[in-house]
2 protein chains.
Amino acid sequence: MNDMINNFETTLKENGYKLTVQRRVILNLLIEHEEKHLSTEEIYELVKKKYPQIGLATVYRTLMLFDKLGLIYKLDFDDGFSRYELNKREADHRHHHLICTQCGNVEEVREDLLDSIEEDILFKNGFLVKDHRVKFYGLCKHCRESTDE
Amino acid sequence: MNDMINNFETTLKENGYKLTVQRRVILNLLIEHEEKHLSTEEIYELVKKKYPQIGLATVYRTLMLFDKLGLIYKLDFDDGFSRYELNKREADHRHHHLICTQCGNVEEVREDLLDSIEEDILFKNGFLVKDHRVKFYGLCKHCRESTDE
DNA sequence: ATTCATGCAAATCGTTTGCAACCCA
DNA sequence: TGGGTTGCAAACGATTTGCATGAAT
């Protein structure tokens with residue numbers, strides 16, 4: 001988490017952006033709730049507790065900036081909201097999302113096995129993969145057990 | 001393509017929906033442009049050429065219905081538009097999308113290798129995968145060749 | 001002092017909805 | 001006939017933007 005914050009500060013500076021209270025507060029919130037997949041509105045509500053005078057537009061602009069700088073990832077779980085999660089750069093922390101179509105819960109699963117597919121794509125399509133998004137839709141354990149079929 | 005249309009007609013009937021001119025026209029358009037990933041607005045513009053009196057809301061409602069019935073898939077390429085592609089049920093036609101972050105072009109790549117990941121997910125997470133979405137971001141062949149790096 | 005960032009409110013824009021007229025089954 | 005469907009226009013709602021003020025470097 002301190003790594004996260006140092007990285008955040010240097011990334012901002014290197015790119016000519018200023019270190020404002022609002023940006024600090026939002027980053028801290030994202031760290032504090034890193035397991036949550038918060039939506040913009042949820043982040044806004046949480047920020048207001050620590051910094052009541054903040055405007056929604058600032059939250060939108062900040063998240064857009066963090067996303068552009070690669071500090072966070074934008075997620076889309078088809079519920080009409082943009083959601084975000086921290087980009088923890090440690091290589092072994094990338095993951096896919098399992099979205100339960102019954103209860104809407106989202107869990108994470110360690111990712112693997114895509115490297116060979118990506119090599120194949122470069123070889124066959126000449127397309128150089130730099131990132132990917134994988135979503136699995138289905139029934140979570142809880143929903144499978146509490147319904148027939 | 002005739003399979004497609006027969007399936008469309010029976011699917012509608014089986015679910016108690018009516019076979020209207022508008023729905024026919026939209027389905028035909030999707031078949032005609034199956035390689036295109038058309039957005040709702042693009043579909044609307046195309047439909048108007050054959051059926052000028054159609055309303056945008058009908059296009060939205062029709063696509064929503066087709067999606068619900070599994071006749072089409074909704075796609076999201078992060079450009080602010082909902083896009084759609086036909087669901088060709090043939091098992092060997094599923095594919096992933098390669099999105100070029102430079103020129104925005106989207107190409108398709110035959111999918112494979114996910115089955116073992118999905119088995120693993122069921123085993124480790126108890127989550128039963130029924131569908132998935134995979135997007136690869138990167139540089140297409142053309143963009144790689146026309147720029148340094 | 002300069003430049004970027006913020007807060008507010010208004011504007012955007014893709015999408016949804018209410019409703020009377022319509023049309024398939 | 002009668003219930004799903006359509007077209008129109010109005011409503012929605014997440015996100016963006018213009019602008020004057022304020023803060024960071």
Side-chain angles (χ1 to χ4, degrees), chain A residues 5 8-29 37-69 71-84, chain B residues 5 8-29 37-69 71-84:
Chain A
I5 291 170
F8 154 71
E9 298 188 351
T10 58
T11 304
L12 282 186
K13 282 182 188 160
E14 277 168 10
N15 290 278
Y17 296 106
K18 289 174 180 172
L19 191 52
T20 67
V21 182
Q22 291 88 335
R23 286 175 182 167
R24 270 185 217 277
V25 173
I26 291 174
L27 182 80
N28 283 326
L29 258 165
H37 310 124
L38 296 172
S39 69
T40 311
E41 198 71 33
E42 287 167 345
I43 293 167
Y44 174 57
E45 290 304 324
L46 288 169
V47 177
K48 276 204 291 190
K49 292 180 185 169
K50 298 185 179 177
Y51 198 89
Q53 65 271 45
I54 201 165
L56 221 204
T58 299
V59 177
Y60 272 99
R61 281 187 285 231
T62 302
L63 293 170
M64 206 181 304
L65 177 66
F66 286 4
D67 186 37
K68 193 177 79 181
L69 295 175
L71 295 166
I72 59 178
Y73 285 121
K74 188 178 201 166
L75 308 173
D76 176 23
F77 296 156
D78 312 298
D79 61 355
F81 303 97
S82 284
R83 298 181 172 277
Y84 297 90
Chain B
I5 292 170
F8 155 73
E9 297 187 352
T10 58
T11 303
L12 281 186
K13 282 182 187 160
E14 276 169 11
N15 290 278
Y17 296 105
K18 290 177 177 170
L19 191 52
T20 66
V21 182
Q22 291 90 333
R23 288 174 180 166
R24 270 184 217 277
V25 173
I26 292 175
L27 183 79
N28 282 327
L29 258 165
H37 310 124
L38 296 172
S39 69
T40 311
E41 198 71 34
E42 288 168 344
I43 293 167
Y44 174 56
E45 290 304 323
L46 288 169
V47 177
K48 276 204 293 190
K49 292 182 185 168
K50 297 185 179 174
Y51 198 89
Q53 66 271 45
I54 201 166
L56 221 203
T58 300
V59 177
Y60 272 100
R61 281 187 285 232
T62 302
L63 293 170
M64 207 180 305
L65 177 66
F66 286 4
D67 186 37
K68 193 177 79 181
L69 295 176
L71 296 167
I72 59 178
Y73 285 121
K74 188 179 202 163
L75 308 174
D76 175 21
F77 295 155
D78 313 297
D79 61 355
F81 302 97
S82 284
R83 298 181 171 278
Y84 296 89

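Throughout, a chain's letter reflects where its sequence line sits, starting with A, and its residues are numbered from 1. All values reported here derive from a predicted model rather than from experimental measurement.
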Check: Could you go step by step and tell me if A/Asn28 and A/Ile5 meet the side chain to side chain contact (heavy atoms under 4.5 Å, CB included) rule?
Finding: CA-CA 8 Å; A/Asn28 283 326; A/Ile5 291 170; 3.7 Å; yes

Margin query: Run A/Phe8 and A/Leu69 through side chain to side chain contact (heavy atoms under 4.5 Å, CB included) and show every step you take.
Written below: CA-CA 9 Å; A/Phe8 154 71; A/Leu69 295 175; over 6 Å; no

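Using a 4.5 Å heavy-atom threshold, the side chains of B/Lys18 and B/Leu12 count as separate. Residues B/Ile54 and B/Val25 form no side-chain contact, since every pair of their non-hydrogen atoms from C-beta on lies 4.5 Å or further apart.
B/Ile26 CD1 to B/Leu38 CG: the interatomic distance, rounded to the nearest 0.5 Å, is 11.5 Å.
Scanning both residues, B/Lys74 and B/Ser82, for their nearest heavy atoms gives CE-OG, 3.2 Å.
In this structure, the CG atom of B/Asp67 is 15 Å from the C1' atom of C/dT16, given to the nearest Å. Between the OH atom of A/Tyr51 and the P atom of C/dC8 there is a distance of 10 Å, given to the nearest Å. Distance, A/Arg24 CZ to D/dA23 C1': 13 Å, rounded to whole Å.
Taking the ring pair (Phe, Tyr, Trp, His ring centres under 6.0 Å) definition, one finds that A/Phe81 meets it with nothing, sequence neighbours left out.
In the helix from C/dA1-D/dT25 to C/dA25-D/dT1, the rotation axis of the first five pairs and that of the last five pairs differ in direction by 40°, rounded to 10 degrees.
The list of ring pair (Phe, Tyr, Trp, His ring centres under 6.0 Å) pairs with a residue in residues 37-56 of chain A, not counting sequence neighbours, reads A/His37-A/Phe77, A/His37-A/His97.
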Pairs: protein N or O with nucleotides 3-5 of chain C N or O, under 3.5 Å:
{"from": "C/dT3", "atom 1": "O2", "to": "A/Lys18", "atom 2": "NZ", "distance (Å)": "2.3"}
{"from": "C/dC4", "atom 1": "O4'", "to": "A/Lys18", "atom 2": "NZ", "distance (Å)": "3.2"}
{"from": "C/dA5", "atom 1": "OP1", "to": "A/Lys18", "atom 2": "N", "distance (Å)": "3.4"}
{"from": "C/dA5", "atom 1": "OP1", "to": "A/Arg23", "atom 2": "NH1", "distance (Å)": "2.8"}
{"from": "C/dA5", "atom 1": "OP1", "to": "A/Arg23", "atom 2": "NH2", "distance (Å)": "3.0"}

Below 3.5 Å, can you tabulate the donor-acceptor pairs from side chains in residues 59-68 of chain A to any protein atom, sequence neighbours excluded?
{"from": "A/Thr62", "atom 1": "OG1", "to": "A/Thr58", "atom 2": "O", "distance (Å)": "2.7"}
{"from": "A/Lys68", "atom 1": "NZ", "to": "A/Tyr17", "atom 2": "OH", "distance (Å)": "2.8"}

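Within a 6.0 Å radius of NZ in A/Lys50, more than 12 heavy atoms belonging to other residues, nucleotides or ligands are found.
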Checklist line | Under 4.0 Å protein heavy-atom contact, by nucleotide of nucleotides 8-19 of chain D - B base, S sugar-phosphate only | finding: B-----SBBBB-

